[in-house]
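Before any comments, here is the structure.
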Amino acid sequence: MLLVAEPVLGVEERSAVMDVLESGWLTQGARVREFETAFAECHGVEDAVAVANCTAALHLMLKALGLGPGDEVLVPSLTFAATVNAVLYAGAVPVLVDVESLEAPLMSLEDAESKVTGRTRAVMLMHFAGHMAEKDLWRDFAHRHGIMLIEDAAHAVGGPGAGSYGEAAAFSFYGNKNMTTAEGGMVLMRDPSLLEQARQMRSHGITRSVQQRLVSRSPHYDVGMLGYNYRMDEIRAAIGIVQLSRLEDMAAQRARLVALYQEGLQDLCGQHEGLVVPKPRSGLSAHHIMPIVLPKQIDREDVIARLHDGGVQTTIHYPPVHMLSHYRAQYPSVRLPMTEEFAQRELTLPLHPKMEDSDALLVMELLETALEGILALA
Ligand SMILES: *Cc1c(COP(=O)(O)O)cnc(C)c1O
């Protein structure tokens, strides 16, 4: 079965994990620090804070930025539930914003403009599919309204400009992301003192880590703020350090496959009206996933089944957050027509660095046959 996503793991990761086990120190320590430094360097910043997952990273950055009850945060609904949940954890109010179009399924500037109120404190961009949001446009928007610009950069590890848009960014190393530590996340913040706050909040707000106390031979510590246990461990950090060293290669493979897909699908679009292949308006991408939009009259379940029969897994990104029952109950009146249309017709094709050109060609061949088969029946 050709999977939608698959991590690249080799002998280097295996031996890095073994080294940790043999060292006898498993919890947050020197390797976590090394991973943070390497990740920061790779994203062109001074420092970073590694955490248990991206959801924790989102929560910490919102807390460090001082967002809380009464504050509104503009967020997309075409995202993973974690984006919205983090805002709710902080006690702030998520304001769900529509996407621009089927071709450009990132947050709509126009809809965002219409949803700014006196309580809006931040806008959280999500680089859907790895398609980088238009930086200047959103910086200008945030500046004009006097609000903070933040990134859910879960789709954009290593992406051009990722983490440099505004006040803070959160990254994910979940197993299906551009690089993985199994579970893991990272926080970047423009203000070093806020990054230090996030670092303290990562471990119960404790002023000195277990390692620092060990090194200084003093057991004393204080708790300066309400914190959480959002720590990363040495095993994950060790994997992360190796994965970072592979990131450039993996990104090149992703870019090559996306170019191949774009070329092949362009021909298919010529034959099938209503078939859409989204592209980043910014022209920049981390190539995280390969979404397409099926023609309206095509039964998506049928396409999924036909590709599955051909040995190809596909998936859907995303059921919009406002359509999921928990949020639907809380926000019954939210309607986001473009998000809903996109989500009804979207199909995610396999994209990962282990794929050969022939895999992408097979996917497109099966897709073409499926579309023709379905139309012949209609
Ligand atoms: C994966 C993902 C997250 C959550 O990441 P975790 O590391 O699993 O917590 C958040 N937002 C988006 C857009 C994601 O794709």
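We're numbering straight along the sequence, starting at 1. Because the structure is a prediction, the values reported are computed rather than measured.
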I'd like to know if [X] pairs up with [Y] as an ion pair, taking the criterion as any Lys NZ or Arg NE/NH1/NH2 lying under 4.0 Å from an Asp or Glu carboxylate oxygen.
{"X": "R33", "Y": "E234", "answer": "no"}
{"X": "R236", "Y": "D233", "answer": "yes"}
{"X": "R31", "Y": "E34", "answer": "no"}
{"X": "K177", "Y": "E183", "answer": "no"}
{"X": "R281", "Y": "E103", "answer": "no"}

Is there side-chain contact between [X] and [Y], with at least one heavy-atom pair below 4.5 Å?
{"X": "Y174", "Y": "T181", "result": "no"}
{"X": "L109", "Y": "W138", "result": "yes"}
{"X": "L361", "Y": "M364", "result": "yes"}
{"X": "F35", "Y": "M232", "result": "yes"}
{"X": "L349", "Y": "V4", "result": "no"}
{"X": "P350", "Y": "Q313", "result": "no"}
{"X": "V8", "Y": "H352", "result": "no"}
{"X": "W25", "Y": "T27", "result": "yes"}

What closest approach, in Å, do [X] and [Y] show between heavy atoms, and which atom pair accounts for it?
{"X": "I316", "Y": "A343", "value": "CG2-O, 4.2 Å"}
{"X": "F171", "Y": "F39", "value": "CG-CZ, 3.6 Å"}
{"X": "L275", "Y": "P295", "value": "N-CG, 3.8 Å"}
{"X": "L65", "Y": "L194", "value": "CD2-CD1, 3.8 Å"}
{"X": "A360", "Y": "L260", "value": "CB-CD2, 3.9 Å"}
{"X": "P76", "Y": "L96", "value": "O-CD2, 3.8 Å"}

- Item | salt bridge (charged side-chain N to carboxylate O under 4.0 Å, His left out) evaluation trace for E36 with R202 | CA-CA 14 Å; E36 289 172 341; R202 163 181 67 180; 2.7 Å; yes
Is the backbone N or O of [Y] less than 3.5 Å from a side-chain atom of [X], with the two atoms forming a donor-acceptor pair by type?
{"X": "E151", "Y": "G163", "answer": "yes"}
{"X": "Q253", "Y": "M250", "answer": "no"}
{"X": "S282", "Y": "M132", "answer": "yes"}
{"X": "S203", "Y": "I206", "answer": "no"}
{"X": "R254", "Y": "H287", "answer": "yes"}
{"X": "D111", "Y": "E100", "answer": "no"}

Distance-only polar pair, side chains of [X] and [Y], donor-acceptor under 3.5 Å:
{"X": "H317", "Y": "E346", "value": "no"}
{"X": "D152", "Y": "T83", "value": "yes"}
{"X": "K279", "Y": "S285", "value": "no"}
{"X": "D136", "Y": "Y165", "value": "no"}

- Using the test side-chain hydrogen bond (donor to acceptor under 3.5 Å, both in side chains), find all partners of R345 that sit at least two apart in sequence or belong to another chain. E341
[X] atom [atom1], over 12 foreign heavy atoms within 6.0 Å:
{"X": "Q266", "atom1": "CD", "value": "no"}
{"X": "Q262", "atom1": "CD", "value": "yes"}
{"X": "Q297", "atom1": "CD", "value": "yes"}
{"X": "E372", "atom1": "CD", "value": "yes"}
{"X": "H308", "atom1": "NE2", "value": "no"}
{"X": "Q271", "atom1": "CD", "value": "yes"}
{"X": "E110", "atom1": "CD", "value": "no"}
{"X": "E356", "atom1": "CD", "value": "no"}

- Item | Residues D47, R199; criterion salt bridge (charged side-chain N to carboxylate O under 4.0 Å, His left out); working and verdict | CA-CA 11 Å; D47 206 351; R199 196 184 303 283; 2.8 Å; yes
- Message: Apply side chain to side chain donor-acceptor pair (under 3.5 Å) to residues T117 and E72 and explain how you reach the verdict.
- Response: CA-CA 8 Å; T117 73; E72 292 180 357; 2.8 Å; yes
- Task: Kindly determine whether E340 and H322 satisfy side chain to side chain donor-acceptor pair (under 3.5 Å), including the steps that lead there.
- Result: CA-CA 9 Å; E340 289 166 26; H322 74 284; 2.8 Å; yes
- Between E301 and R306, does a salt bridge (charged side-chain N to carboxylate O under 4.0 Å, His left out) hold up when you go through it step by step? CA-CA 9 Å; E301 297 310 311; R306 284 169 190 252; over 6 Å; no
Taking [Y] as the starting point, is it possible to reach [X] by hopping between hydrophobic residues whose side chains are less than 4.5 Å apart?
{"X": "V116", "Y": "M124", "answer": "no"}
{"X": "L367", "Y": "V293", "answer": "no"}
{"X": "M290", "Y": "L2", "answer": "yes"}
{"X": "I239", "Y": "L244", "answer": "no"}
{"X": "L67", "Y": "V51", "answer": "yes"}

- Message: As a quick check of understanding, evaluate side-chain contact (heavy atoms from CB on, under 4.5 Å) for I292 and L265, giving each step before the final call.
- Response: CA-CA 9 Å; I292 63 169; L265 290 170; 3.7 Å; yes
- Would E368 and H272 satisfy side chain to side chain donor-acceptor pair (under 3.5 Å), going step by step from the backbone distance to the final call? CA-CA 9 Å; E368 183 169 8; H272 293 275; 5.9 Å; no
- Item | Stepwise side-chain contact (heavy atoms from CB on, under 4.5 Å) test for H145 and E113 | CA-CA 9 Å; H145 295 288; E113 290 279 6; 2.8 Å; yes
- Item | Derivation of the side chain to side chain donor-acceptor pair (under 3.5 Å) call for S164 and K135 | CA-CA 9 Å; S164 73; K135 183 150 64 173; 2.6 Å; yes
- Task: Indicate the ring-plane relationship of Y228 and Y230, choosing parallel, tilted or perpendicular according to the 30° and 60° boundaries.
- Result: parallel
- Query: Parallel, tilted or perpendicular for F128 and H155, by the 30°/60° rule?
  - Reply: tilted
- Could you walk me through whether D98 and S77 pass the side-chain contact (heavy atoms from CB on, under 4.5 Å) check? CA-CA 7 Å; D98 210 350; S77 182; over 6 Å; no
- Task: Decide side-chain contact (heavy atoms from CB on, under 4.5 Å) for L371 and L294; before the verdict, give the C-alpha distance in whole Å, the side-chain angles of both, and the deciding distance to 0.1 Å.
- Result: CA-CA 9 Å; L371 292 178; L294 296 172; 4.3 Å; yes
